Amino acid sequence: MEKLLITGGKPLEGEVKISGAKNSVLPILAASLLSDEEVIIGNVPHLQDVTTTISLLTEMGATLSIDEKMKVCINASSVNKFYAPYEMVKTMRASILVLGPLLAHFGEAKVSLPGGCAIGSRPVNLHLEGLKAMGANIKVEDGYIIAKTKKLKGAKISFPTATVTGTENIMMAAVLASGKTYIKNAAKEPEIIDLANCLRLMGAKIQGDGSSNIIIEGVKNLKGCNYDVLPDRIETATFLVAAAITRGKLTLTHTRPDTIKIIIEKLKKAGAKISVKNDIINIETKSKLDAVNIVTNPYPDFPTDMQAQFIALNSISKGKSKVVESVFENRFMHVQELVRMGADIDINGNTAIIKGVKDLTGAPVMATDLRASASLILAGLVAKGQTIVDRIYHIDRGYECIEEKLTKIGANIKRLPK
Ligand code: EPU
């Protein structure tokens with residue numbers, strides 16, 4: 001397995017171009033299944049999860065091409081297999097996003113039920129209940145969700161918990177259903193708005209995205225479109241933490257500062273100097289930051305996808321801090337690895353208590369999921385000596401060209417071959 005070797009201690013300086021958002025491009029790629037016309041998607045990040053989704057669509061029979069700028073052109077009119085196999089779903093849970101579009105457009109789908117995950121049990125019961133309320137016939141057999149419908153119909157769906165991909169699946173199912181669908185307690189993440197913007201361009205009638213009440217009026221069919229994916233707010237925030245943790249100075253371009261207001265607030269509170277202009281964020285940190293308390297919650301609160309990176313930052317900041325993970329039940333796997341690097345962290349249920357230490361020291365560590373990998377890389381960038389991060393296939397799922405981007409701003413980071 002490939003590893004990353006990081007020699008820590010250098011402040012990062014320079015400019016980073018932020019890539020398109022992983023969690024936008026995945027549902028938008030799935031949305032191409034809703035039309036018989038060509039859907040062209042731009043600002044697509046070169047990520048393992050994108051490659052997996054593209055393989056999935058191709059396996060289903062979609063015609064697909066990618067140009068040198070990663071513009072992806074998909075025509076789903078040739079789709080003739082409505083099937084997402086276990087081999088793909090087990091490497092990427094977001095494969096579940098094909099369920100809603102397949103049912104809505106083709107009336108059938110067979111999608112492997114995603115299993116457990118390193119960050120929590122992550123059931124998809126709310127996706128299935130929503131689709132059932134819209135008239136789909138759904139059973140689970142031999143580990144697969146088998147769904148059929150003559151025609152989906154609009155329904156009133158009230159999620160007990162706001163779910164991001166659940167909201168996306170129901171939205172994509174509802175755009176071709178007969179009548180109106182009302183989603184209550186919908187997720188409000190910027191990626192939901194991005195998907196809705198793309199679907200509207202395809203002719204869908206959607207209102208209220210970005211709020212907790214979304215109303216979708218089904219239309220007969222959707223046309224093709226040409227759409228650029230939103231910049232990645234979690235990549236943006238991770239680079240902000242990279243500047244903060246190494247006491248560096250970075251300019252992030254092609255981003256959307258309005259999607260990470262809470263991160264900017266927290267970093268400013270910790271003592272970082274941040275300025276924002278249009279799609280650019282400048283950050284400068286000269287001295288050690290103050291530790292900040294965090295509670296993760298759905299957007300617009302603090303994102304669970306930045307919890308691990310902030311624990312790394314807090315572990316070498318001044319003072320004691322408390323980080324509460326409220327979204328997933330098991331998202332502290334990075335903590336024991338950070339402790340191996342000298343961090344002082346205690347876990348009690350869903351709360352981590354972090355006492356800032358003077359220095360972290362390099363160590364061999366193991367990545368357990370995408371954001372955990374990011375936190376270990378951040379720790380490695382500031383640690384004394386060498387850190388080897390193992391199982392970095394996780395990082396390639398969600399951060400485009402991570403070591404190239406970090407090298408360009410002065411990090412000493414190298415990929416070790418298998
Ligand atoms: N939940 C249920 N039942 C369901 C669906 C969700 O109980 O049917 C629970 C989950 O177990 C969790 C909570 O609801 O406790 C919220 O989960 P959600 O469904 O919102 O998560 P998701 O849609 O599976 C997306 C992102 C994750 C991100 C979460 C939370 C994508 C492809 N994935 O997952 O991204 O952490 O929302 O913001 O959009 C990542 O990028 O590293 C990542 C894990």
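One-based numbering, in listed order, for ligands and for the atoms of each. All figures in this text were calculated on a predicted structure; none of them were measured in a lab.
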- Item | Residue-ligand contact Pro123/ligand 1, heavy atom below 4.0 Å | yes
- Note on the structure: One finds that the ligand 1 atoms under 4.0 Å from a non-hydrogen atom of His127 are 8 (O)
- Is there a donor-acceptor contact under 3.5 Å linking the side chains of Arg391 and Thr368? no
- Which bit of Arg122 gets closer than 4.0 Å to ligand 1, counting heavy atoms only: side chain, backbone, both or neither? both
- Contacting atoms of ligand 1, where contact means under 4.0 angstrom from a heavy atom of Val124: 4 (C), 8 (O)
- Query: Which heavy-atom pair separates Ala62 from Val79 by the least distance, and what is that distance?
  - Reply: N-CG2, 3.8 Å
- Task: List every atom of ligand 1 that sits less than 4.0 Å from any heavy atom of Leu370, numbering the atoms from 1 in the order shown and giving each element.
- Result: 42 (O)
- For ligand 1, which atoms have a heavy atom of Arg331 less than 4.0 angstrom away? 36 (O), 42 (O), 44 (C)
- Any N or O of Leu126 closer than 3.5 Å to N or O of ligand 1: yes
- Message: So for ligand 1, is Lys22 a polar contact partner (N or O within less than 3.5 Å, distance only)?
- Response: yes
- Message: Just to be sure I read this right, does ligand 1 sit under 4.0 Å from the backbone of Thr161, its side chain, both, or neither, counting only heavy atoms?
- Response: side chain
- Considering non-hydrogen atoms only, spot the tightest contact between Ile345 and Ser315 and give its length. CD1-CB, 4.5 Å
- Query: Can you check whether Tyr144 and Tyr86 have ring centres sitting under 6.0 Å from each other?
  - Reply: no
- Query: Applying a 4.0 Å heavy-atom criterion (strictly less than), which segment of Thr163 is in contact with ligand 1: side chain, backbone, both, or neither?
  - Reply: both
- Note on the structure: For Thr304, the ligand 1 atoms with a heavy-atom partner under 4.0 Å come out as 30 (C), 36 (O), 38 (O)
- So how far is it from Ser326 OG to Asp301 CG, rounded to the nearest 0.5 Å? 9.0 Å
- Does an N or O anywhere in Thr165 fall below 3.5 Å from an N or O of ligand 1? yes
- Item | Under 3.5 Å: N/O of Asn23 near N/O of ligand 1 | yes
- Message: Would the distance check show the side chain of Glu325 and the main-chain N or O of Val327 forming a donor-acceptor pair, the cut-off being under 3.5 Å?
- Response: yes
